[in-house]
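Note that the structure is predicted; figures quoted are calculated from it, not measured. Each chain gets a letter, A, B and so on, in the order its sequence line appears, and its residues count up from 1.
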Amino acid sequence: MKKPDHGHPHGDNIVPFTFSEAALAECREVMTHYPAEFSKSALIPILHIAQTDNDGWLSVPAMNAVAELLGIQYIEVYEVATFYSMFHLQPVGKHVLQVCFTAPCMLRGADDVIAHIEKRLGIKEGQTTPDGVFTLQAVQCLGSCGTAPMLQCGAKYHEHLTIEKVDELIDKLRAEPKRSNFTDR
Amino acid sequence: MGRKLLLEHINTPGIQGLEGYRANGGYRSVEKALRTMSPEAVLEEVKKSGLRGRGGAGFPTGMKWSFLAKPEGVPRYLVVNADESEPGTFKDRYLMERIPHMLVEGMITSSFALGANTSYIYIRGEYFYVARILERALAEARAAGWLGKNILGTGYDLEIYVHVGAGAYICGEETALLESLEGKRGNPRIKPPFPAVKGLWQRPTVVNNVETICAVVPIINDGGEEYAKIGIGKSTGTKLISASGHINKPGVYEIELGVPVEEFINSDEYCGGVSGGRPLKACIPGGSSVPVLPVELIYRTAKFETRLMTYESLSDGGFQTGSMLGSGGFYVFNDSACMVRATWNHSRFYHHESCGQCSPCREGTGWMEKVLYRLEHGLARMDDIDLLWDIQRRIEGNTICPFGDAASWPVAAAIRHFRDEFEYHATHPTKVKDPKHFEKEPFPRVERSYAG
Ligand SMILES: Cc1cc2nc3c(=O)[nH]c(=O)nc-3n(C[C@H](O)[C@H](O)[C@H](O)COP(=O)(O)O)c2cc1C
Ligand code: SF4
Ligand code: FES
């Protein structure tokens, strides 16, 4: 897998992107779910595949490749990618910790979890650690309020969090070389 | 013990797979409907059951189905709404994760009734792992002949696909959901036309919640009349309640509609009482979009009648002294909670999730969040409370979709019932700088009497 060139003077958004064979096959399969004349319907699922294939974020070249695959205008992809909160338009850490901070989770201590992670990783909500391993995000209700406080990392839900559990998770993820993606099986 | 129609087998080992599901009576409704009933007869049973949409609005499902346009030669669709993003709601995830074949079964029976040959499950992107569980269930069902061409040799064809979203609460609104399913931004459509006439790809479409479609299974198995025997008045059958917040036993509970709220909160069968050894302060019974109830209006209505878990009883008194059953996202506050902080939290949610099409909603939600931030952090003046009231009043009813109302109601209800707490925030800026101000020193709650 290619690495985004964080040091490039024009930013990361000009690093070329091509779909991997496996990702392309997955995209083609998804497109069969919709009538051929409405293949644009596959856009959101395909953006997820592209995001995973591009180190967890959607660069302009990655979005352009999606437009070309679906035969639609680039702008049709940009307007969708910018609307949905799960699409990252900037590089993110290998493990994005998304802590729910909506009311039911707040009642059960979500703010303390966020404060602890901020302290432990030395970053603020919304930031990525300098080593590129963790990004911390506060997000809205993830449908897990009965098991609050909770966080999502890739496809996994981590529920009934305590400070100890958060620490264990951070240690485990730091040692995990593979990126956590939403599309993980 | 109340009757369990949806969760009866939820803890049975192996229920997640087709074999275990079949062994416990699964797919009987499909056999019964496809082999012995006409689509019209299935619809008739759903009508008789009195089932109302479990997604939040509570619209009668049979009636919704009967509105579906049936032009010759145009495909129709059933789209299941698994977007579940209403704060406090997590029942659909529980069903799909634990007993995925029930949704598949309900969809086959319902699609047959509607004459749909393709059906989609629109699931929120964050539930990616649940989408995988559903895909596995669909593959099993397909391999066993419950899906595909000529199901059970009856000549009926059906394909079901899972479609993942990407994080947007507004895509739970049915027309935004359809836009999103078409690969666009989740901007709600102007209605009419309604989806029943022009839905997915401008074709007739029914959108139903996950729990609604699962409820079709027992309705067809036992008959609509049997289902309608459970519950009270127009609140028939069972309902899943997602219980969270300051209670001892958070989780998903199936209740027979009509259980008293007091029993639901305090009985060991359900929430197991208020947590933290503290008194009850407030309750949001139907997800963040419905008005909050202060302690004196939770167990009893303003008319001093027992408050029941039904559509009618929870909304008794209108918005002055009632709330709504909504999606069944039931969360409880004890006296350590700050209602201003909770309201600020809600308004931050609505500001973040507004699709931005209508200016009252786009601008108003942001403005409310700012004023509430000021109030919560001790930076506000007394007249900010009236300003807040004014903003919410100008959003409600002036937008394309009900999201605008959903953003205003919680603010209006909080000011209506907890104005003294808002005033305290305006007059005690140093005290409220500590986010846990009421944990250490609970705000003295003055119980008000609404009778007469
Ligand atoms: C802002 C907004 C969000 C909604 N979110 C959901 C949701 O997450 N799940 C759901 O089933 N219905 C949701 N609804 C209700 C749907 O628009 C629609 O009424 C429902 O899916 C119909 O299914 P039902 O009749 O089976 O309840 C939402 C409505 C609005 C206005
Ligand atoms: S009310 Fe809000 S969410 Fe609904 S269409 Fe208007 S801007 Fe969008
Ligand atoms: S409020 Fe956090 S998962 Fe619902």
Side-chain angles (χ1 to χ4, degrees), chain A residues 30 32-35 37-49 51-52 70 72 76-77 79-87 98 100-108 110-112 115 138-148 150 152 154-157 160 181-185, chain B residues 75 84-94 118 120 124-129 132 159 161-169 171 180-187 200-201 242-246 250-252 284 288 329 331-334 336-337 341-343 345-346 348-349 352-353 355 435:
Chain A
V30 168
T32 65
H33 298 182
Y34 314 93
E37 67 270 39
F38 302 119
S39 60
K40 182 180 170 181
S41 282
L43 177 53
I44 291 173
I46 286 181
L47 280 171
H48 277 297
I49 299 170
Q51 176 160 285
T52 297
L70 286 171
I72 58 179
E76 293 179 80
V77 178
E79 65 181 14
V80 165
T82 52
F83 185 84
Y84 295 91
S85 65
M86 287 173 77
F87 296 132
Q98 300 186 304
C100 170
F101 71 158
T102 311
C105 276
M106 177 191 79
L107 292 177
R108 295 186 82 95
D111 295 342
D112 297 337
V139 296
Q140 301 290 0
C141 180
L142 291 170
S144 192
C145 337
T147 41
M150 62 82 61
Q152 173 166 32
K156 276 216 177 65
Y157 274 33
H160 296 295
N181 291 306
F182 291 123
T183 55
D184 285 345
R185 280 174 197 275
Chain B
E84 189 164 64
S85 313
E86 173 85 5
T89 315
F90 44 97
K91 67 191 172 74
D92 295 338
R93 168 175 164 232
Y94 188 67
T118 310
Y120 293 94
R124 65 180 296 187
E126 293 89 341
Y127 287 179
F128 234 115
Y129 80 97
R132 306 289 191 208
E159 266 312 329
Y161 299 106
V162 181
H163 180 103
V164 278
Y169 166 67
C171 291
S180 180
L181 186 44
E182 292 181 5
K184 303 181 207 150
R185 295 166 77 94
N187 288 347
L200 182 59
W201 305 309
S242 320
S244 66
H246 290 146
V252 178
I284 292 180
S288 66
Y331 50 110
V332 170
F333 301 80
N334 68 19
S336 71
R341 192 171 179 80
T343 311
N345 187 303
H346 288 141
R348 183 175 64 189
F349 172 82
H352 184 259
E353 300 297 335
C355 86

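In this structure, chain A has a heavy atom under 4.5 Å from the backbone of B:V162, while its side chain stays farther away. Looking at A:D112, the atoms closer than 4.5 Å to chain B (heavy atoms on both sides) all sit in the side chain, from C-beta outward. Contact annotation for A:Q98: neither backbone nor side-chain heavy atoms come within less than 4.5 Å of a heavy atom of chain B. Both the backbone and the side chain of B:S180 come within contact range of chain A, each with at least one heavy atom under 4.5 Å from a heavy atom of that chain. In this structure, the portion of B:T89 lying under 4.5 Å from any heavy atom of chain A is its backbone and not its side chain. For B:Y120, the part sitting under 4.5 Å from any heavy atom of chain A is the side chain, from C-beta outward, and nothing else. Contacts between A:Q152 and chain B at a heavy-atom distance below 4.5 Å involve the side chain alone, from C-beta outward. With a 4.5 angstrom heavy-atom cutoff, A:D111 touches chain B only via side-chain atoms. Interface remark: B:Y331 contributes side-chain atoms only to the contact with chain A (heavy atom separation under 4.5 Å). Looking at B:R185, both its backbone and its side chain come within 4.5 Å of chain A, counting heavy atoms on both sides.
Qualifying side-chain contact (heavy atoms from CB on, under 4.5 Å) partners for A:T32, counting only residues two or more places apart in sequence or in other chains: A:E29. Residues satisfying the side-chain contact (heavy atoms from CB on, under 4.5 Å) test with B:A243, not counting sequence neighbours, are B:I247, B:Y253, B:F264, B:C271.
Of the N and O atoms on the side chains of B:S336 and B:N334, at least one donor lies less than 3.5 Å from an acceptor on the other residue. Between the side chains of A:Y157 and A:T147, no donor-acceptor pair is found at a separation under 3.5 Å.
Counting heavy-atom pairs closer than 4.5 Å to chain A, the top residue among B:S244, B:G183, B:A166 is B:A166. Put simply, of A:K40, A:K156, A:Q140, the one with the most heavy-atom pairs under 4.5 Å next to chain B is A:Q140. If you tally non-hydrogen atom pairs under 4.5 Å between each of B:H163, B:R341, B:K91, B:H346 and chain A, the highest count goes to B:H163. Listed options A:L43, A:T183, A:V139 were ranked by heavy-atom pairs under 4.5 angstrom with chain B; first place goes to A:T183. Ranking B:S85, B:G245, B:A168, B:C171 against chain A, the residue ahead of the rest is B:G245, based on heavy-atom pairs under 4.5 Å. Your options are B:S288, B:G125, B:G186, and the one with the most heavy-atom pairs under 4.5 Å with chain A is B:G186. Note: A:T102 leads A:T102, A:I46, A:V77 in heavy-atom pairs under 4.5 Å with chain B. Per-residue heavy-atom pair counts under 4.5 Å with chain B were compared for A:G154, A:P35, A:A42, and the maximum is reached by A:P35. Chain B forms more heavy-atom pairs under 4.5 Å with one residue of A:S39, A:A148, A:A81, A:C145 than with any other, namely A:C145.
Taking the six-membered ring for Trp and thresholds of 30 and 60 degrees, B:W201 and A:Y34 have ring planes more than 60 degrees apart, a perpendicular arrangement.
When every heavy atom of B:E182 is checked against every heavy atom of B:K184, the shortest pair comes out as OE1-NZ, 2.8 Å. Minimum interatomic distance between A:M86 and B:G167 (heavy atoms only, all atoms of both residues): SD-N, 3.6 Å. Between B:A342 and B:F333, the shortest heavy-atom contact is CB-CE2, 3.8 Å. For B:G88 against A:C141, the heavy-atom pair with the smallest separation is N-SG, 3.9 Å.
Centroid-to-centroid, the aromatic rings of A:H48 and A:F87 come within less than 6.0 Å.
For the side-chain hydrogen bond (donor to acceptor under 3.5 Å, both in side chains) with B:Y169, the lone residue among B:H352, B:E353, B:R124, B:E86 that qualifies is B:E86.
With contacts defined as side-chain heavy-atom distances shorter than 4.5 Å, the pair A:F182/A:T52 does not qualify.
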